[in-house]
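Just so it is clear, the values below take in all heavy atoms, side chains as well, and ignore hydrogens, waters and symmetry mates.
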Amino acid sequence: MAAAQGPAGPRRRLGAELRRLRSKAGMHLEDVARQLDCSTSKISRLETGKGVPKLPDVRELMRIYGVTADTERDMLLRLVKDSRAQGWWEPYTEGVQPARHVLESPGRYAALETEAVANRSFTAMVLPGLLQTAAYAEVLLSAILPHHPERDIGSLVELRMRRQQALYRAERPLELSVVIDEALLCRVVGGPELMTAQLRAIAEKADMANVEVRVLPFEGGVHRAHVGQFTILELPKPLGDVVYIESHAGDTYLDSDDDIKLYKEVFADVAARALPPPETKIMIAEYLRRYT
């Protein structure tokens, strides 16, 4: 299966190039915004890869920064074109209304995950989407999005299942390393039969070479990771890594070096305290026997 492609990578690469050109020109955001007759936030969003670039704007920025080399101009214009391409996830999210506490921007996370080479996450609330079965995802999404129609729930379940294909790519399959709290094995979602199928699915994925699952047992006590679930998306260079945090305050994306370093430290610590993969499989098998 070929690796999925999307506009998030080109947008971030374009943003990095525009930021480099501005720095080389010795200009501040205010200077550029004044010449482009726009807000500083627009320039900032372009440089961080959050905005959708427009060809006229990038052409004007190249003029402001004094870009004259044909190879550099061609590279920037190609990134603009790739940045405006439709992502594979957009048909699944089209028309789905956002919900601030769980669904602020339905496609943004999928766009970043598409570019990732590795996914490291800790969760004590719900199972990671890349491990969920369709049945588990449907019950979960219906519970946290009670005002969304069945059509939207169905689209989001399909999106979640489509995301899992990244684990099976023939080229550069996504590396997944997750630490889940034991509470997630206890919490019954949809009934014993559904949980039986869900735990079997986790056990099957845990046997894959690119997937590592660890359980933080109850006797492990409280860890600083329990402050809130998080996901670290490791992106290929020159893109920077991103930490994704989902909360009732909305989706948060952190990409500063200090934030990345902190969350990688927290993940490494909680992973070290969790059960190793072989012992995790034994615990999952024990819970399977309880449900069956």
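- One finds no salt bridge joining Arg22 and Asp31 here, because no Lys/Arg side-chain nitrogen approaches an Asp/Glu carboxylate oxygen to under 4.0 Å.
- Two residues are said to be in side-chain contact when any heavy atoms from C-beta on lie closer than 4.5 Å; Arg163 and Leu130 meet this criterion.
- Within the 4.5 Å cutoff, the side chain of Leu112 has heavy atoms near those of the Tyr253 side chain.
- Among all heavy-atom pairs drawn from Arg11 and Pro53, the shortest one is CG-CD, 4.3 Å.
- A cation-pi contact, defined as under 6.0 Å to the ring centre and within 45° of the axis, links Arg162 to Trp88.
- Between Arg63 atom CZ and Leu36 atom CG the span is 9.0 Å, to the nearest 0.5 Å.
- Without hydrogens or angle criteria, His223 side chain to Ala225 main chain gives a donor-acceptor distance under 3.5 Å.
- Heavy atoms from other residues, nucleotides or ligands lying under 6.0 Å from CZ of Arg73 number 12 at most.
- Checked by atom type and distance alone, the side chain of Glu47 never pairs as donor or acceptor with a backbone atom of Arg12 at under 3.5 Å.
- Closest approach of Ile43 and Cys38 over heavy atoms only: CD1-SG, 3.7 Å.
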Working for side-chain contact (heavy atoms from CB on, under 4.5 Å), residues Val243 and Asp255: CA-CA 6 Å; Val243 174; Asp255 56 10; over 6 Å; no
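- A 4.5 Å side-chain heavy-atom check between Glu72 and Leu21 finds at least one atom pair inside the cut-off.
- Put simply, CD1 on Ile153 and CD on Glu158 are 12.0 Å apart, with the number rounded to the nearest 0.5 Å.
- Under the 4.5 Å side-chain criterion, counting only non-hydrogen atoms from C-beta, Ile284 is in contact with Ile202.
- Listed here is the closest heavy atom pair of Met125 and Thr123: N-OG1, 3.3 Å.
- Using a distance-only test at 3.5 Å, with no hydrogens or angles considered, a donor-acceptor pair links the side chain of Thr48 to the main chain of Arg45.
- To the nearest 0.5 Å, the span separating CE on Met75 from CZ on Arg13 amounts to 10.5 Å.
- Using a 4.5 Å heavy-atom threshold, the side chains of Glu175 and Glu234 count as separate.
- In this structure, Glu138 contributes its side chain and Gly154 its backbone to no donor-acceptor pair below 3.5 Å.
- A heavy-atom distance below 4.5 Å is found between the side chains of Leu131 and Leu176.
- With hydrogens and angles disregarded, no donor-acceptor distance shorter than 3.5 Å links the side chain of Asn119 to the backbone of Leu233.
- The closest donor-acceptor contact from the side chain of Arg19 to the backbone of Leu14 lies at 3.5 Å or more, if one exists at all.
- Atoms OH and CD1, from Tyr263 and Ile245 in turn, are 3.0 Å apart once rounded to the nearest 0.5 Å.
- Note on Arg273 versus Asp269: salt bridge recorded, some NZ/NE/NH1/NH2 to OD/OE distance being below 4.0 Å.
- Residue-environment remark: CG (Asp74) exceeds the threshold of 12 foreign heavy atoms within 6.0 Å.
- In this structure the side chain of Leu141 reaches within 4.5 angstrom of the side chain of Arg160, judged on heavy atoms.
- Pairs engaging residues 280-292 under the side chain to side chain donor-acceptor pair (under 3.5 Å) rule: Glu182-Tyr287, Asp207-Lys281 [sequence neighbours left out].
- The shortest distance between side-chain heavy atoms of Leu61 and Gln35 does not fall below 4.5 Å.
- Scanning both residues, Met195 and Val189, for their nearest heavy atoms gives SD-N, 3.5 Å.
- Under the 4.5 Å side-chain heavy-atom criterion for Ile, Leu, Val, Met, Phe, Trp and Tyr, Tyr244 and Ile260 are members of distinct hydrophobic clusters.
- A continuous path of hydrophobic side-chain contacts links Met208 to Val178 [ILVMFWY only; heavy atoms under 4.5 Å].
- Side-chain polar atoms of Ser256 and Asp259 form a donor-acceptor pair below 3.5 angstrom.
- Annotation for Tyr136 and Leu127: closest pair OH-N, 3.4 Å, computed over non-hydrogen atoms.
- Remark: Glu265 engages Arg224 in a salt bridge, criterion side-chain N to carboxylate O under 4.0 Å.
- From Gln198, atom CD reaches atom CG of Leu184 across 10.0 Å, with rounding to the nearest 0.5 Å.
- No continuous path of ILVMFWY side-chain contacts below 4.5 Å connects Leu254 to Val227, so the two sit in separate hydrophobic clusters.
- Leu194 and Val157 fall within the same hydrophobic cluster, where Ile, Leu, Val, Met, Phe, Trp and Tyr residues are linked whenever their side-chain heavy atoms come under 4.5 Å apart, directly or through other members.
- Panel note: side chain Ser44, backbone Thr40; no donor-acceptor pair is recorded below 3.5 Å.
- Val179 and Val222 fall into different hydrophobic clusters, where Ile, Leu, Val, Met, Phe, Trp and Tyr are joined by side-chain heavy atoms under 4.5 Å apart, directly or via other members.
- Using modelled atom types, one side-chain atom of Thr196 and one backbone atom of Pro192 make a donor-acceptor pair closer than 3.5 Å.
- The line from CE of Met161 to CD of Gln164 is 4.0 Å long, rounded to the nearest 0.5 Å.
- In terms of the salt bridge (Lys or Arg N to Asp or Glu O under 4.0 Å) criterion, Arg200 has no residue partners (sequence neighbours excluded).
- Nearest heavy-atom pair across His226 and Ala124 is CD2-CB, 4.1 Å.
- Glu30 CD: more than 12 foreign heavy atoms inside a 6.0 Å radius.
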Atom pairs and distances, donor-acceptor, side-chain atoms in residues 210-217, under 3.5 Å, two or more places apart:
{"from": "Asn210", "atom 1": "ND2", "to": "Leu167", "atom 2": "O", "distance (Å)": "3.1"}
{"from": "Asn210", "atom 1": "ND2", "to": "Leu174", "atom 2": "O", "distance (Å)": "2.7"}
{"from": "Glu212", "atom 1": "OE1", "to": "Ser177", "atom 2": "OG", "distance (Å)": "3.3"}
{"from": "Glu212", "atom 1": "OE1", "to": "Arg214", "atom 2": "NE", "distance (Å)": "3.2"}
{"from": "Arg214", "atom 1": "NH1", "to": "Ala271", "atom 2": "O", "distance (Å)": "3.4"}

Pair Phe267-Phe122, ring-ring contact (aromatic ring centres under 6.0 Å, His included): steps then yes or no: CA-CA 7 Å; Phe267 180 79; Phe122 168 79; 8.3 Å; no
Leu77/Arg59 under side-chain contact (heavy atoms from CB on, under 4.5 Å): CA gap, chis, key distance, verdict: CA-CA 8 Å; Leu77 294 177; Arg59 287 188 184 277; 4.1 Å; yes
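- When atom types are taken as modelled, the side chain of Glu113 and the backbone of Ala166 share no donor-acceptor pair closer than 3.5 angstrom.
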